[in-house]
Amino acid sequence: IIASQLVLAENMSTSWRDIAGLQSTIRELRDTVIVPIQARRKHSSQLIRPPKGVLLHGPPGCGKTLLARAVAKEAGCRFINLDVSLLTDKWYGESQKLAGAVFSLATKIQPCIIFIDEVDSFLRVRSSGDHEATAMMKAQFLQQWDGLATDQDALVLVMAATNRPLDVDRAILRRLPASFYIKPPGEREREAILKLILKGESLADDIDLKYIAQHTNSFSGSDLKELCRHAAVYRLRSPDDDLSGSEGEGEEDVYKSAPSSSDDILP
Ligand code: ATP
């Protein structure tokens with residue numbers, strides 16, 4: 001019951017094709033994680049295993065969750081999204097059951113990836129002392145995680161993501177030996193992300209994705225998606241709503257009127 005409240009076994013539809021840029025990270029994830037998982041099905045060697053855990057770190061909105069989902073899909077794994085935001089005091093009393101439930105579910109549906117987003121906030125023991133249950137849950141969780149290493153047949157991998165790698169608990173970090181920095185997109189990657197987001201959309205002839213990519217210097221992939229969403233909704237506005245008319249900017253100019261300095265359009 002607890003597991004059903006805290007985890008979500010997702011229907012996997014994200015693949016490499018949904019990710020623009022990040023080619024070298026994709027290559028490394030393929031070699032480190034996917035190849036061993038796939039080979040494990042054919043070879044009996046106990047040495048052929050993916051790492052015990054994988055950490056994806058980097059600024060928000062740059063594709064960490066997207067990558068974790070795509071790894072699961074490409075490796076043919078189930079995906080459990082462990083929602084740590086639901087780990088409130090209300091659940092602490094049930095801590096031991098939770099740790100057991102997550103790993104036994106994962107083992108049952110293996111091969112499986114347990115994804116922990118915002119791992120820096122996960123199982124952090126606060127100093128106030130009234131969180132004994134948190135400490136217990138952490139101990140249980142780590143014990144179950146270690147148990148996977150001794151279970152030769154279990155094909156369960158923990159993938160974690162964070163924007164604050166320095167705040168991740170050391171005991172958790174040790175269990176995430178493969179670490180990947182997911183960097184913000186450069187100009188070429190931003191253009192590729194825009195292309196992907198706008199695939200299948202009808203665009204005005206004068207929309208220049210290269211120009212937009214040049215002028216969105218600090219935008220993440222998530223910011224670019226939001227920008228496109230704004231532009232799409234902007235076009236639906238009736239002319240009466242157009243308060244910017246007094247400044248001489250028409251609807252068609254939504255992209256072309258971008259400020260010349262990217263500093264002016266920070267996300
Ligand atoms: P957070 O740290 O806030 O959880 P994140 O790094 O996990 O962020 P994602 O959730 O993977 O970011 O990305 C958010 C959205 O931004 C994606 O659903 C996708 O639409 C878009 N996006 C980000 N990066 C890329 C990319 N490289 N290619 C295509 N789309 C991207």
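Order of listing sets the numbers, starting from 1, for every ligand and every atom in it.
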Steps toward ring pair (Phe, Tyr, Trp, His ring centres under 6.0 Å) verdict (Tyr181, His57)
CA-CA 5 Å; Tyr181 173 57; His57 62 98; 5.6 Å; yes
Between Leu157 and Cys77, is a side-chain contact (heavy atoms from CB on, under 4.5 Å) present by the stated rule, with each step listed?
CA-CA 9 Å; Leu157 167 74; Cys77 289; over 6 Å; no
Where do Arg188 and Glu191 land on the salt bridge (charged side-chain N to carboxylate O under 4.0 Å, His left out) test, with the steps shown first?
CA-CA 5 Å; Arg188 271 221 311 255; Glu191 190 181 340; over 6 Å; no
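Every atom of ligand 1 with a heavy atom of Leu22 under 4.0 Å away is listed here by number and element: 27 (N). Atoms of ligand 1 found under 4.0 Å from any heavy atom of Lys225 (numbered from 1 in listed order, with element): 20 (O). Less than 4.0 angstrom separates some heavy atom of Ile193 from each of these atoms of ligand 1: 26 (C), 27 (N), 28 (N). Counting the atoms of ligand 1 from 1 in the order shown, those under 4.0 Å from a heavy atom of Ile19 are 27 (N), 28 (N). Residue-ligand proximity, Asn163 to ligand 1, at heavy-atom distances under 4.0 Å covers atoms 2 (O). Residue-ligand proximity, Gly221 to ligand 1, at heavy-atom distances under 4.0 Å covers atoms 16 (O), 21 (C), 22 (N), 23 (C), 24 (N). Near Leu196, the atoms of ligand 1 lying under 4.0 angstrom from a non-hydrogen atom of the residue are 29 (C). Under a 4.0 Å criterion applied to the non-hydrogen atoms of Gly61, ligand 1 contributes the atoms 1 (P), 2 (O), 3 (O), 5 (P), 6 (O), 8 (O), 12 (O), 23 (C), 24 (N).
The only option from Leu29, Leu67, Thr32 that meets the side-chain contact (heavy atoms from CB on, under 4.5 Å) definition with Val54 turns out to be Leu29.
Looking at heavy atoms from C-beta onward, Asn217 lies in side-chain contact with Arg190 at the 4.5 angstrom threshold. With contacts defined as side-chain heavy-atom distances shorter than 4.5 Å, the pair Asp167/Ser121 does not qualify. Trp145 is listed as a side-chain neighbour of Lys52, based on a closest heavy-atom distance under 4.5 Å.
In this structure, the protein non-hydrogen atom closest to atom 6 (O) of ligand 1 is Lys64 NZ, 2.8 Å. At the top of the distance list for atom 30 (N) of ligand 1, counting protein heavy atoms only, stands Leu66 CD2, 3.5 Å. The shortest contact between atom 13 (O) of ligand 1 and any protein heavy atom is with Gly63 N, 4.0 Å. Nearest protein heavy-atom neighbour of atom 7 (O) of ligand 1: Thr65 OG1, 2.6 Å. When hydrogens are left out, the protein atom nearest atom 14 (C) of ligand 1 is Ser222 CB, 3.8 Å; that is the closest non-hydrogen contact. Looking from atom 29 (C) of ligand 1 to the surrounding protein, the closest heavy atom is Asp18 O, 3.5 Å. Of the protein's non-hydrogen atoms, Asp117 OD2, 3.4 Å is the one closest to atom 4 (O) of ligand 1. Nearest protein neighbour of atom 27 (N) of ligand 1, counting heavy atoms only, is Ala20 O, 2.9 Å.
Any N or O atom pair closer than 3.5 Å counts here, and Cys62 shares at least one such pair with ligand 1.
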